[in-house]
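Notes for the one structure printed next.
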Protein chains: 2
Amino acid sequence: MQTDCPFSVVSLRQQVYDYLRGQMNRGDLRPGSAINLGEMSARFGISRTPLREALLQLEAEGFVTIYPRRGIVVNPLSESDIRHAYEVIGALEASVILNEQGKISSAETGQMRELNELMRQSLDRDDFAEFYDHNVAFHNVYLDLSDNRGLVRTVMTLKQRLYDFPRRKGFVKEWETTSTGEHERFIGLLESGDPKAASGYMRDVHWSFDVQKPWIRRYYSELEREGALNR
Amino acid sequence: MQTDCPFSVVSLRQQVYDYLRGQMNRGDLRPGSAINLGEMSARFGISRTPLREALLQLEAEGFVTIYPRRGIVVNPLSESDIRHAYEVIGALEASVILNEQGKISSAETGQMRELNELMRQSLDRDDFAEFYDHNVAFHNVYLDLSDNRGLVRTVMTLKQRLYDFPRRKGFVKEWETTSTGEHERFIGLLESGDPKAASGYMRDVHWSFDVQKPWIRRYYSELEREGALNR
DNA sequence: CCCTGATATCTGATATATCATATATCTGTA
DNA sequence: TACAGATATATGATATATCAGATATCAGGG
């Protein structure tokens, strides 16, 4: 029925949401920058209502703050925001790995191996965007096994928050090399039949703010110099 | 400055949100029931805009579904919704317990003991509302130690979803007795200096859907007979 | 010069009107 | 009688106008 329909009407609200998310993702809309309903309405030639609705959604997801009658600002990403995101992502990804262990077979670990290899190739080619897409796809191998779509949506929204503003055209190569190594260790634990250890490794190492802190600080401090990150 | 101000203007949108949440909480707005913007606008004498904005927020939080141009429906709570909520709550509460273990002292465990005792007294008096308030307060003892307000908000929203619709004036007493026993075990693990075991117990026993499934099914199946829960 | 109160301006919040889509009902034809 | 197309109705989605609160600026008095 509806899911088979080749046509769909995308609400203006959704289009605005997608547009603004795209702007943040490309770095065209930076942390701290102001968004003005009246200007946007004039620029796009649409009314303020769908704009406002899209922004209310973005606010609920943490991307912007609406100051009543004062203005709308794109949220900076502070170190504690990063720490909080790591905490939630780590806990939820670990939970999925444990809960869906029965569905993680050699097809899945094989897929993750491929993606990890593609990540390494992207690293060698300095292709940042591709590296991150493969990274997201790596984690999605097990996330997509979960029917808990709310959980996955929470994780994905937080990842978008993490990835948007530091989404620069560059790496801390040592971090990414370590990261792909952690992926490999993770796969090894899964393949050796120890999903509990794999789950713990994902939460306590790969998504541990404390463990990753030196890389995080190095990575984000470089961005801070570029003015993309406000403490 | 603003946080000290004894006066505040509460937007219509927020008032509508609070009102509707209160209605769901009291069972005056049941799962499956329709909400009509035009009727509500007429009844409250306010425009549809803040109504719609409140409902968009409620939709984002899982309480309602807005069917474009067709109507707005209060979401039923299915068994899989409950399972999903348990999964997320368990993972996140366990994470807080681990991360904030340094802040959990005898003051906190003492507080939890008191609340658990109050829960037992409510149970003896068949005071359902009070039992649940103490239960929420019990868990909040450690949740409030976390500065990850996004995490806590996620947990609280899911709990509201769980508690609203089965919020009847009654108990499965054996479940609640078992539950307070689990609280006691949890406190014991904390006091014996094993926060990791306490964290694991909270996630793998107290908030494990599989472990609690028999109680859940008994509790919610009674509600289903009352028409409060749709599968 | 500084402070206070009045006024102007800005911008989101709300009210009202209209539009766009989904569904129900009616009408005509085979 | 059944089916297809046209029309009516319902309801959320969007457009436009106005309001309400926050901030900036100005004017007057001490």
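Here is how names work: the chains are called A, B, and so on, in the same order as the sequence lines, proteins then strands, and each is numbered from 1. The basis for the numbers below is simple: all heavy atoms, side chains too, and nothing from hydrogens, waters or symmetry mates.
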Legend entry - By side-chain hydrogen bond (donor to acceptor under 3.5 Å, both in side chains) - contacts of Trp175(B) (at least two apart): Gln212(B)
Inset, instruction - Could you tell me which residues satisfy side-chain hydrogen bond (donor to acceptor under 3.5 Å, both in side chains) with Glu108(B), sequence neighbours excluded, listed by chain and number? - result: Ser105(B)
Legend entry - side chain to side chain donor-acceptor pair (under 3.5 Å) contacts touching residues 141-152 of chain B (sequence neighbours left out): Arg83(A)-Asp147(B), His84(A)-Asp147(B), Glu87(A)-Asn148(B), Glu93(B)-Tyr142(B), His139(B)-Tyr142(B)
Inset, instruction - Quick one: list whatever passes side-chain contact (heavy atoms from CB on, under 4.5 Å) with Gln15(A), sequence neighbours left out. - result: Val10(A), Leu12(A)
Legend entry - Rounded interatomic separation in angstrom, taking CZ from Arg70(A) and P from dT11(C): 13 Å
Polar pairs (N or O, both sides) under 3.5 Å between protein and nucleotides 14-16 of chain C?
from, atom 1, to, atom 2, distance (Å)
dT14(C), OP1, Leu12(B), N, 2.5
dA15(C), OP2, Ser47(B), N, 2.6
dA15(C), OP2, Ser47(B), OG, 2.5
dA15(C), N7, Thr49(B), OG1, 3.2
dT16(C), O4, Thr49(B), OG1, 3.4

Inset, instruction - Send over the distance from Leu55(A) CG to dG12(C) P, rounded to a whole Å. - result: 9 Å
Inset, instruction - Identify, with sequence neighbours excluded, every residue that meets side-chain contact (heavy atoms from CB on, under 4.5 Å) alongside Gln23(A). - result: Tyr19(A), Leu20(A), Arg26(A), Asp28(A), Leu29(A)
Inset, instruction - State which residues pass side-chain hydrogen bond (donor to acceptor under 3.5 Å, both in side chains) with Ser80(B); sequence neighbours excluded, sorted by chain then number. - result: Ser78(B)
Legend entry - Pair Glu61(B) + Arg161(B): basic N to acidic O under 4.0 Å: no
Inset, instruction - Scan residues 33-42 of chain B against DNA chain C and write down, sorted by residue number, each residue with any heavy atom closer than 4.0 Å; if none is found, say none. - result: none
Legend entry - Between dA22(D) (P) and Ile72(A) (CD1): distance, integer Å: 16 Å
Inset, instruction - Check ring pair (Phe, Tyr, Trp, His ring centres under 6.0 Å) between Phe209(B) and all other residues, then give those that pass, not counting sequence neighbours. - result: none
